[in-house]
Amino acid sequence: MPELPEVEVVRRGLAEFTTGRTIDAVEVLHPRPLRRHLLGPDDFSSRLKGQVFATPARRGKYLWLPLASGDAVLTHLGMSGQFRVQPVGAEDEKHLRVRFRFADDRGEVRFVDQRMFGGLSYSEGGAELPAEIAHIARDPFDPLFDDDLFVASIRRRKTGLKRALLDQTLVSGVGNIYADEALWRAKLHYAKATETLKPLQAREILTHAREVMGAALDVGGTSFDALYVNVNGESGYFERGLAVYGQEGSPCPRDGRPIRREPFMNRSSFRCPKCQPVPRHARW
DNA sequence: AAGGCCTCCTGAGAGC
DNA sequence: TGCTCTCAGGAGGCCT
């Protein structure tokens, strides 16, 4: 499940294989991942033919491949999206959706996506920052991320803490896994009412999010199954570093109490019942 | 207007 | 054995 660290690993991998290369042809094998490109797959392919890739960029979980023309290919991995680098002629992956062929003989780049929550689109003038993601907040690793603004914004919200952390217009890059891990490190419950956060608590959440995502980035991202792999097909291996996510019944690393899994927003939240107790003021 | 719920997708695994 | 059900969840869209 790609969140910021996994997407950054993919960005770095793609940088090595796409930067400076000239696109020869783009083959769209399934229309679904092109749904955000309203002019359709054929238009997507024809616009890209002959263009040259610059260095890939990222904001939160969004990734884009700038082109020398000033436009860009905007992508999101969704739940199961992958970029793979393969020799020309290698067998197609079962869920291969888009293939980029190049003018040189250094192999092709493939977008593979089982569940197709992810996708690609052509962003006119999007090399610097695609207009389509102008609403996405900077992520905590962005040098221009404003900690004070985040603290003020989250304390103005009237919602639960984890809902706020997952809101990509407030802070981007955090998903279900790292939200749970950051909350555990901060010893806070996911339903704590955001308006009751002390400024220091809001600031500490940021620190914990940076630390846990930074640790995951150091080891190449988190993965639980074959759905996430970097561009070479290698899985991340941060799962052993997770304190609560997916750890139902296992002892809390701090106090040994069994980790609980609870339904939250049609998915799951994991917490320690002792060090992350239900707060007095909660918003579920 | 902000907050929150629904939907899109496929396949693995559980249960009967 | 084979069917059905549940779960995984990012984020746009839409309703209140």
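Naming: A, B, ... by sequence-line order, numbering from 1 per chain.
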Name the closest nucleotide to the [X] side chain, picking from [options].
| X | options | answer |
| --- | --- | --- |
| A/Lys158 | B/dG4, B/dG3, C/dA8 | B/dG3 |
| A/Gln114 | C/dG12, C/dA8, B/dT10 | B/dT10 |
| A/Arg115 | C/dG12, B/dT10, B/dT7 | B/dT10 |
| A/Asn176 | B/dT10, B/dG3, C/dG10 | C/dG10 |
| A/Arg163 | C/dG10, C/dA8, B/dG4 | B/dG4 |

Practice problem: Would you kindly check whether a donor in the side chain of A/Arg157 faces an acceptor in the base of B/dA2, or vice versa, at under 3.5 angstrom? | Solution: no
Quiz item: Between A/Gln247, A/Lys162, A/Arg271, which is the residue that forms a side chain to side chain donor-acceptor pair (under 3.5 Å) with A/Asp180?
Solution: A/Lys162
Classify the nucleic acid contact of [X] as base, sugar-phosphate or nothing, counting any heavy atom under 4.0 Å across all strands shown.
| X | value |
| --- | --- |
| A/Phe264 | nothing |
| A/His30 | nothing |
| A/Arg35 | nothing |

Quiz item: Start at the 5' end of DNA chain B and walk down; is the nucleotide closest to A/Asn266 or to A/Arg156 reached first?
Solution: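 Whichever sits nearer the 5' end wins; that is A/Arg156.
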Practice problem: Before accepting this row, confirm whether a basic side-chain N of the pair A/Glu8/A/Arg12 lies closer than 4.0 Å to the acidic partner's carboxylate O. | Solution: yes
